[in-house]
Amino acid sequence: MSKYDVAVIGSGPGGYVAAIRCAQLGMKTAIIEKYNTLGGTCLNVGCIPSKALLDSSHHYEDAIKHFEEHGIEIPGEIKINFKKMIARKASVVEQTTKGIEFLMNKNKIDVFTGMGSFKDATHIEITGDKTKTIEAENIIIATGSKPSTLPFITLDKERVITSTEALKLTEIPKHMVVIGGGVIGLELGQVYRRLGAEVSVVEYMDRIIPTMDSAQSKELMKAMKKQGVKFFLSHRVSAVSRKGDEVMVTATDKKDKEIIFTGDYCLVSVGRKAYTDGLGADKAGVKITERGQVEVNDHLQTNISNIYAIGDVIKGPMLAHKASEEGTLVAEILAGQKPHINYNLIPGVVYTWPEVASVGKTEEQLKEANVEYKSGQFPMRALGRSRASGDTDGFVKILSDKKTDEVLGVHMVGARVADLIAEAVTAMEFRASAEDIARMSHAHPTYAEAVKEAALAATDDRALHI
Ligand code: FAD
Ligand code: NAD
């Protein structure tokens, strides 16, 4: 039987990063993945394929809507070859997952393909082509998550679908009814809207992306409405049925008025849930919470001292970079180091256009905690860079402590803010004040100037260009 210092179950951005860091630190490492390709949800059916389709559909939208204003004329009709768009996405996924195989090889990590299941706290049975058992001194559970649904919905995966199917449709929907105005609903809703589908987003709360700053919810909804997406907020979905190629989604609004949405596809995007099916956690004695997550302490250690868990399968935001940070943390703990994650500074991004990005506390959270703060906001439309590219939607908002001026939260909507948020994370990691950011030189003309201007606005209400 093969013996390892560490075995990682699951090869998503949590698991594969944990494995690489363990190997870098000199541990003999194995990784177990039930699918034939490595990379987990993120690389196969999450971050990467969704961004590939967002980019392709964005190019198409630019070509049909914006090229002309730039003086670019394309004779003849601009058409979508949807099959090719999906094939390109598949090829991006393939290159990326192959990259993980290369990294496993490079770091001399043994890869086992098959379902990993605890026999006890140090032995894992792997059921693949052949059944094998391996022994490991330490085990990291990185089994990720699966889409959630509502109790009355039957996901037939043809017409009533999750993100996984929405990433490999064979036709462009005529009318996609999206249940849930969160990250998945908005990113994939925007993809299909750009490609010509009617898209109706039915959201239970009174705003979209309800966990982000409410100013971002408003700004993104305004921009997406201009793009033709329809929103039905404060609507509670009560039934979903299918008749042939038609799906019917029944919802009631705040006044208890019933409305039926009829479409050809219904995307169910109401969140994801931790995945531990078939893991045999009970055989190792690992505690699972009522919400189905693996319970961990601050060191991401389960109740069984040699078993750790990371990523979507534990508490916290379900984000690839959060999973990866946790993978690194556990590897370093196993190597005897004292690593730390600042959970307050895990940025959140929605890759719609305009993009949405956040780090730290929202205005709602600061009010709730009775923290006295200052707010500085700068609109993208006042930037030369935004006017040059034609991306004038959005803003940067900086919230800082009223007394100390320390930056407490940064919330952005606009072009490339997914990348701009890194400046805010860096500043906050070093506990910068708004004035620190305001005094730093930002290249001109860039979208990043909005960060400086918002910092100036927060410092002394002294933005220069508004
Ligand atoms: P996963 O990536 O889910 O990986 C878990 C792996 O474990 C899977 O490969 C699974 O097959 C395997 N596994 C499970 N059980 C077993 C077992 N018993 N034996 C062997 N293998 C097992 N996050 C972002 O940060 N940015 C984004 O842009 C983004 N976009 C997304 C878009 C979509 C459509 C979706 C669905 C998610 C997106 N996410 C995004 C979320 C991101 O994908 C997850 O947060 C991330 O993948 C979690 O990583 P993980 O390693 O915890 O788990
Ligand atoms: P989400 O939690 O982002 O959004 C779910 C939405 O559904 C919420 O707005 C919620 O209020 C709404 N909802 C819940 N029940 C409802 C009901 N009965 N009727 C109508 N609306 C209802 O979840 P998601 O969009 O499914 O994404 C799942 C996870 O994947 C997220 O936690 C996210 O972190 C991750 N993800 C991240 C990215 C990214 O980082 N860009 C992209 C996609 C997914």
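Counting starts at 1 for both ligands and their atoms, in listed order. Source: prediction; values computed, not measured.
The cationic atom of Arg159 (NZ for Lys, CZ for Arg) lies less than 6.0 Å from the six-membered ring centre of Tyr265 and within 45° of the ring axis. Relative to the ring axis of Phe118, Lys283 does not place its NZ or CZ within 45° and under 6.0 Å from the centre. Remark: Arg416 fails to qualify as a cation-pi partner of Tyr447 under the 6.0 Å distance and 45° angle criteria applied to the six-membered ring.
In terms of protein heavy-atom proximity, atom 9 (O) of ligand 2 is closest to Glu203 OE1, 2.6 Å. Counting only heavy atoms of the protein, atom 8 (C) of ligand 1 lies nearest to Glu33 OE1, 3.4 Å. The protein heavy atom nearest to atom 52 (O) of ligand 1 is Asp312 N, 2.9 Å. The protein heavy-atom contact nearest to atom 30 (O) of ligand 2 is Arg272 CD, 3.6 Å. Protein heavy atom nearest atom 42 (C) of ligand 2, with residue, atom name and distance: Val183 CG1, 3.2 Å. In this structure, the protein non-hydrogen atom closest to atom 39 (N) of ligand 1 is Cys47 SG, 3.8 Å. Atom 26 (O) of ligand 2 has Gly271 N, 2.8 Å as its closest protein atom, hydrogens excluded (heavy atom only). Among all non-hydrogen protein atoms, the one lying nearest atom 19 (N) of ligand 1 is Gly116 N, 2.8 Å. In this structure, the protein non-hydrogen atom closest to atom 24 (C) of ligand 1 is Ala320 N, 3.5 Å. Closest to atom 1 (P) of ligand 2, if we only count protein heavy atoms, is Gly182 CA, 4.2 Å. Among all protein heavy atoms, the one lying closest to atom 33 (C) of ligand 2 is Met318 O, 3.7 Å. If you check which protein heavy atom lies closest to atom 2 (O) of ligand 1, you get Thr41 N, 2.9 Å. Nearest non-hydrogen protein atom to atom 13 (N) of ligand 2 is Val270 CG1, 4.0 Å. The protein heavy-atom contact nearest to atom 21 (N) of ligand 1 is Lys34 N, 3.1 Å. Nearest protein neighbour of atom 37 (C) of ligand 1, counting heavy atoms only, is Gly46 CA, 4.0 Å. In this structure, the protein non-hydrogen atom closest to atom 5 (C) of ligand 2 is Ser269 O, 3.5 Å.
A donor-acceptor pair shorter than 3.5 Å cannot be found between the side chains of Asp55 and His58. Side-chain polar atoms of Ser145 and Asp312 form a donor-acceptor pair below 3.5 angstrom.
Put simply, no part of Pro317 is less than 4.0 Å from ligand 2, judged by heavy atoms. By the 4.0 Å heavy-atom criterion, Leu43 is excluded from the residues contacting ligand 1.
Proximity of Ile9 to ligand 1, defined as any heavy-atom pair under 4.0 Å, is confined to the side chain (atoms from C-beta onward). Under 4.0 angstrom from ligand 1, the non-hydrogen atoms of Ser163 all belong to its side chain. Here Ser145 has backbone heavy atoms under 4.0 Å from ligand 1, and that is the only part of it that gets that close. At a 4.0 Å heavy-atom cut-off, ligand 1 touches Ala142 through the backbone alone. When heavy-atom distances to ligand 1 are checked against a 4.0 Å cut-off, Lys51 comes that close only through its side chain, counted from C-beta outward. Neither the backbone nor the side chain of Val183 has any atom closer than 4.0 Å to an atom of ligand 1 (non-hydrogen atoms only).
For a threshold of 3.5 Å applied to N or O pairs, the pair formed by Val349 and ligand 2 contains at least one separation below that value. Below 3.5 Å of separation, one finds an N or O of Met318 facing an N or O of ligand 1. In terms of N/O distances under 3.5 Å, ligand 1 is not approached by Ile184. The shortest N or O to N or O distance between Cys42 and ligand 1 is under 3.5 Å. Here's the thing with Tyr35: none of its N/O atoms is less than 3.5 angstrom from an N/O atom of ligand 1.
The closest non-hydrogen atom to atom 53 (O) of ligand 1, taken over Gly40, Pro13, Ser50, Gly144, comes from Gly144.
Of all atoms in ligand 2, numbered sequentially from 1 with element shown, those under 4.0 Å from a heavy atom of Leu319 are 34 (O), 40 (O). Within ligand 2, the atoms closer than 4.0 Å to a non-hydrogen atom of Met205 are 11 (O), numbered from 1 in the order shown. Listed by number with element, the atoms of ligand 2 under 4.0 angstrom from any heavy atom of Val202 are 20 (C), 21 (N). Atoms of ligand 2 found under 4.0 Å from any heavy atom of Pro210, numbered from 1 in the order shown, are 9 (O), 11 (O).
The number of heavy atoms from other shown groups lying within 6.0 Å of CG (Asn297) is above 12.
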